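Structure first, commentary second.
Here the structure is a predicted model, which means the values were calculated and not measured. Every chain is numbered from 1 and lettered A, B, ... according to where its sequence line falls, protein lines coming before strand lines.
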Amino acid sequence: MPPMPTYQRPRGTRDLLPDEAAAMDALQAVVQARALRYGYPRISTPIIENREVFVKGVGEGSDIVGYEMYEVGQRGEGGLTLRPEGTAAVVRALLENGLHKSPQPIRFFYWEPMFRGQRPQLMRFRQFWQWGLECFGAPEAAADVEIIDFANGLFAEVGFTAFELEINTIGDEPCQAKLKTALGEYFAKHRDALSAQSQRRVDTNALRVLDSKEPQDREIIAGAPKLTDVLCDEDKKHFAEVQDGLTRLGIAYKVVDTLVRGLDYYTRTVSEFVLTDPEYRKGGDIAVAAGGRYDGLVRRMGGPDLTGTGIAGGVDVLYYALKQQGVTVAREPRADVYVVSGQPDDFADRTQIANPLREAGFTVAIDYSARPLERQLESAIKHGARIAVIRGTAEAAGGNVIVRDLGKKEQRVTRLAAVVTEVGRHVPKRPRPTLLKPPTNPDDHEPGAAGEAPFLTDPRD
RNA sequence: GCGGCUAUGGUGUAAUGGCAGCACUGAUGGUUGUGGACCAUCCAGUAGCAGUUCGAAACUGCUUAGCCGCCCCA
């Protein structure tokens with residue numbers, strides 16, 4: 001007989017085992033609840049899209065579209081691709097569903113897996129998750145400030161501190177065109193001294209040359225036309241407003257005038273939250289969130305002239321960075337209570353003990369076996385249970401069970417009807433999700449009871 | 001996508017080209033029983049495919065995957 005084949009997960013993908021899956025769920029709950037508090041409802045788009053969505057949206061010359069997209073085919077039909085980023089997909093959904101005609105600004109939150117065919121490395125995978133915010137129809141700098149404030153507040157909420165905020169402006173579309181021309185002319189003059197990669201970019205997107213880390217390029221870049229040289233007054237004013245907003249909110253930032261994003265659709269504000277832990281800086285900057293404004297994108301994708309600004313964060317990056325900082329992301333997903341029995345073949349009875357506890361909100365697992373009680377208790381402990389509910393022994397007869405605290409090694413014989421109360425003395429109930437809102441009592445609303453607004457400094461005072 | 005390093009039970013590790021061993025974990029049992037200990041027994045491995053060799057976990061090639069660097073990015 002030939003050996004069984006062994007299977008491996010595809011390169012750059014991961015299995016989220018229960019501990020990690022629980023941590024991801026907890027992280028999602030935190031981010032999503034915050035997004036809702038900011039007024040960004042969740043949108044969920046397909047994992048597959050037509051290739052053109054990203055070619056048009058992200059840009060033909062970008063690395064993502066150039067060589068990182070997964071092609072999806074069925075029966076020889078091609079043209080589909082695994083979603084490599086969120087914004088273009090959200091714009092497609094916005095236009096296809098006519099949401100661009102809804103009251104503006106139009107806001108969305110997403111939390112979705114993304115796929116890029118890149119070499120896996122530290123905190124970099126081929127399937128990874130991103131959370132993101134998109135805000136359409138708000139040309140004001142306030143919208144740019146808000147999404148940065150969101151990320152900043154999120155990181156504060158989860159206790160993540162090892163980051164630095166970098167921002168820049170890359171001008172509106174006309175200015176960007178001017179800058180690209182100026183840079184193109186400048187770099188063309190120094191073409192021979194540039195690295196091979198940069199030489200290619202001179203023609204495809206001269207802006208990206210600024211991003212090069214090659215020492216030979218850095219020298220030339222130092223003498224290149226500055227973004228600020230060609231920025232129009234509106235761009236300068238917009239960027240000043242962004243900086244002013246951040247300052248007044250007490251958000252620390254650094255203007256990095258060479259900061260350029262890898263996606264072609266950005267205009268004006270761009271931002272990156274970069275990890276500062278030296279452990280993660282060995283291979284250059286790793287961004288835990290990054291975003292910017294994309295005022296021309298909706299129009300380019302066939303919609304009206306609708307402005308947009310957004311931010312996306314790497315869930316995996318945040319997760320590992322939090323772990324690096326020693327933050328516990330979620331409790332262990334184990335059952336608190338174990339139902340064991342001294343009688344064989346009484347699964348229904350064990351279940352009838354477990355179910356009322358489950359309905360009451362406790363996490364309860366059942367030992368199915370007819371093993372000696374000793375083994376069942378040992379097993380309960382190894383499964384992480386804190387309480388054992390024992391039935392089928394001499395003490396626990398006639399409608400009684402034993403509730404035993406496995407940590408304290410104390411137990412009490414309890415009427416069946418009182419098990420829920422007795423268990424509740426030892427372990428907490430877990431929150432139960434509900435489908436419907438609980439009825440609200442209008443009398444509960446107490447305007448102004450939440451305290452005073454935070455004190456903000458205003459330089460105009 | 002390119003380059004370097006790596007791959008031994010579920011986990012962590014040993015074996016100079018010559019019997020794949022140890023520890024943890026897991027399972028079963030230690031007289032119808034109250035537990036993590038202890039004792040006994042058991043399950044389980046050289047990533048995959050070829051090659052060199054009397055003989056390969058070890059040497060060679062290819063494949064797959066991981067880590068690191070490049071590229072790029074969340």
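Contact between the side-chain N/O atoms of A:Lys382 and the OP1/OP2 oxygens of B:G35 is not found at any separation under 4.0 Å. Here A:Arg375 does not reach the OP1 or OP2 of B:G35: none of its side-chain N or O atoms lies under 4.0 Å away. The side chain of A:Arg371 places an N or O atom within less than 4.0 Å of a non-bridging phosphate oxygen (OP1 or OP2) of B:U28. Between A:Gln121 and B:G69 there is a side-chain polar atom (N or O) within less than 4.0 angstrom of OP1 or OP2.
Within 4.0 Å of A:Arg116, counting heavy atoms only, lies at least one base atom of the nucleic acid. In this structure, A:Gly86 reaches neither bases nor backbone, as no heavy-atom distance under 4.0 Å exists between it and the strands shown. Among the atoms of the strands shown, base atoms are found under 4.0 Å from some heavy atom of A:Glu395.
One cannot find a donor-acceptor pair under 3.5 Å joining the base of B:U32 and the side-chain atoms of A:Gln343.
Comparing A:Gln411 and A:Gly12 along RNA chain B, the residue whose closest nucleotide (by nearest heavy atom) sits nearer the 5' end is A:Gln411.
With both pairing distances under 3.5 Å, B:A7 is matched to B:U64 as a Watson-Crick or G-U wobble pair. When Watson-Crick and G-U wobble pairs are counted only if both distances are under 3.5 Å, B:C42 pairs with B:G26.
With B:G35, B:C67, B:C72 as the candidates, the nucleotide lying closest to the side chain of A:Pro120 is B:C67.
Using the six-membered ring where Trp is involved, A:Phe125 and A:Tyr320 have ring planes that are tilted, between 30° and 60° apart. A:Tyr368 and A:Phe347 have tilted rings, their planes meeting at an angle from 30° to 60° on a 0 to 90° scale. Ring orientation note: the planes of A:Phe150 and A:Trp131 are tilted relative to one another, at an angle of 30° to 60°.
Of the possible polar contacts, one joining the A:Gln325 side chain to the A:Thr161 backbone as a donor-acceptor pair under 3.5 Å is found.
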